[in-house]
Amino acid sequence: MQVIFETPRLFLSRFTEEDAPLIYKLNSDPEIVKHVHEPVLENENQAKEILINNILPQYKLNLGRWAVHTKDNYEFIGWCGLKYIKETGITDLGYRLLKTSWGKGYATEAAQYTLIYGLRVLTIKLITGMAHVENIASIKVLAKIGMKFSRDEIIDGQPVKVYTLSLPDLSDFC
């Protein structure tokens, strides 16, 4: 496991191609992907394609969606990380957790440390987070970690709330 950083309760590490079963477990649950504008996965081959085409290439930029494991038992609970979106030029903060990990503060913890890592260590000027307007839990995470509401937008035909944070804003929060 190549750990990127750790939080009080979590390790965030790089995925490998062998982690397709983890991505499949996460993205094959319709409730988990309900608000993320992605189809439900039907098999591990689709998960491997996501790893090869979407997740692993971001690591060349020192960014990426990183596997989130609990420290107490190394259990995989989801992913969190930063993704550069070439079409818009933004660096997106994202997170996705298994339902068994919802409501335990893991998304907030992983997202907050990822945000700090991106701004302070990677020196990214501005980080953006987006959540579907009906995904109240995700919107609460973005606000709780200090991101500021920027605008409403339509992405992939879906209404989203857009939040942002830059390094000067971070000092107000952390």
Side-chain angles (χ1 to χ4, degrees), residues 1-7 10-17 19 22-23 26-27 32-33 35-38 47 49-69 76-97 105-174:
M1 175 184 329
Q2 185 180 352
V3 174
I4 303 299
F5 62 87
E6 55 185 88
T7 74
L10 307 168
F11 290 113
L12 280 81
S13 63
R14 285 187 172 189
F15 282 105
T16 67
E17 284 186 39
D19 291 323
L22 302 178
I23 296 296
L26 195 60
N27 290 13
I32 293 173
V33 297
H35 297 299
V36 295
H37 321 151
E38 294 176 20
E49 286 178 26
I50 288 171
L51 279 165
I52 292 169
N53 297 326
N54 299 5
I55 295 174
L56 300 181
Q58 288 281 318
Y59 295 161
K60 293 175 188 165
L61 304 171
N62 288 324
L63 301 174
R65 304 305 198 197
W66 301 305
V68 178
H69 295 267
F76 172 77
I77 62 168
W79 60 251
C80 183
L82 301 166
K83 176 182 177 181
Y84 179 72
I85 302 173
K86 187 177 182 178
E87 298 78 21
T88 58
I90 67 168
T91 301
D92 174 62
L93 169 69
Y95 39 87
R96 187 174 304 170
L97 300 181
Y106 290 137
T108 300
E109 184 174 329
Q112 182 175 33
Y113 278 79
T114 297
L115 186 61
I116 293 166
Y117 179 80
L119 293 169
R120 290 193 177 149
V121 177
L122 300 177
T123 64
I124 297 168
K125 303 268 188 259
L126 180 73
I127 295 177
T128 301
M130 296 175 271
H132 189 283
V133 295
E134 294 176 3
N135 192 345
I136 303 303
S138 191
I139 291 168
K140 285 181 179 178
V141 167
L142 294 172
K144 194 173 188 177
I145 65 172
M147 297 189 86
K148 298 179 182 347
F149 176 75
S150 173
R151 64 192 177 280
D152 290 307
E153 200 169 303
I154 302 294
I155 306 236
D156 297 330
Q158 301 295 321
V160 297
K161 300 275 184 193
V162 179
Y163 286 74
T164 60
L165 193 72
S166 62
L167 193 55
D169 297 329
L170 182 64
S171 60
D172 295 339
F173 184 71
C174 301

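Bear in mind that the values here come from a model prediction, so they are computed numbers and not experimental data.
The CE atom of Met130 sits 13.5 Å away from atom CD of Gln158, with the distance rounded to the nearest 0.5 Å. A distance of 11.0 Å separates OG1 in Thr114 from CG in Leu119, rounded to the nearest 0.5 Å. Here the CG atom belonging to Leu165 is positioned 6.5 Å from the NZ atom belonging to Lys148, to the nearest 0.5 angstrom. Separating the CG atom in Leu10 from the CD atom in Glu109 is a distance of 4.5 Å, to the nearest 0.5 Å. One finds the OG1 atom of Thr7 at 9.5 Å from the CD atom of Gln112 (value rounded to the nearest 0.5 Å). Remark: Glu49 CD to Ile23 CD1 distance equals 13.0 Å, nearest 0.5 Å.
The aromatic rings of Tyr113 and Phe5 sit parallel to each other, their planes meeting at less than 30°, with 60° as the upper class boundary.
Considering all non-hydrogen atoms of both residues, Ala111 and Val141 come closest at CB-CG1, 4.0 Å. Nearest approach of Ile127 to Met147, heavy atoms of both residues: O-CE, 3.3 Å. Between Gln58 and Gly64, the shortest heavy-atom contact is CB-CA, 3.7 Å. The two atoms that bring Phe15 and Trp66 nearest to each other are CE1-C, 3.7 Å, heavy atoms only. In this structure, Asn135 and Ala131 approach most closely via the heavy-atom pair O-CB, 4.5 Å. Closest approach of Asp92 and Gly129 over heavy atoms only: OD1-CA, 4.1 Å.
Under the side chain to side chain contact (heavy atoms under 4.5 Å, CB included) test applied with Phe76, the options Leu97, Leu22, Asp19 reduce to a single match, Leu22. For the side chain to side chain contact (heavy atoms under 4.5 Å, CB included) test with Ile124, the passing option among Leu82, Ile90, Leu93, Leu115 is Leu82; the others fail.
Within the 3.5 Å criterion, the main-chain N or O of Arg65 finds a donor-acceptor partner in the side chain of Tyr59. Looking at Glu17, its side chain never comes within 3.5 Å of a backbone N or O of Leu51 through a donor-acceptor pair.
Using a 3.5 Å distance cut-off with no hydrogens or angles, the side chains of Tyr95 and Ser138 do pair a donor with an acceptor.
Two residues are said to be in side-chain contact when any heavy atoms from C-beta on lie closer than 4.5 Å; Thr128 and Thr88 fail this criterion. Using a 4.5 Å heavy-atom cutoff, the side chains of Tyr117 and Ile4 are in contact. By the 4.5 Å heavy-atom criterion applied to side chains, Gln2 and Thr16 are not counted as neighbours. Within the 4.5 Å cutoff, no side-chain heavy atoms of Thr91 are placed close to those of Lys83. The shortest side-chain heavy-atom distance between Leu142 and Phe149 does not fall under the 4.5 Å cut-off.
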What's the verdict on side-chain contact (heavy atoms from CB on, under 4.5 Å) for His69 and Ile77, showing C-alpha distance, side-chain angles and the deciding distance?
CA-CA 6 Å; His69 295 267; Ile77 62 168; over 6 Å; no
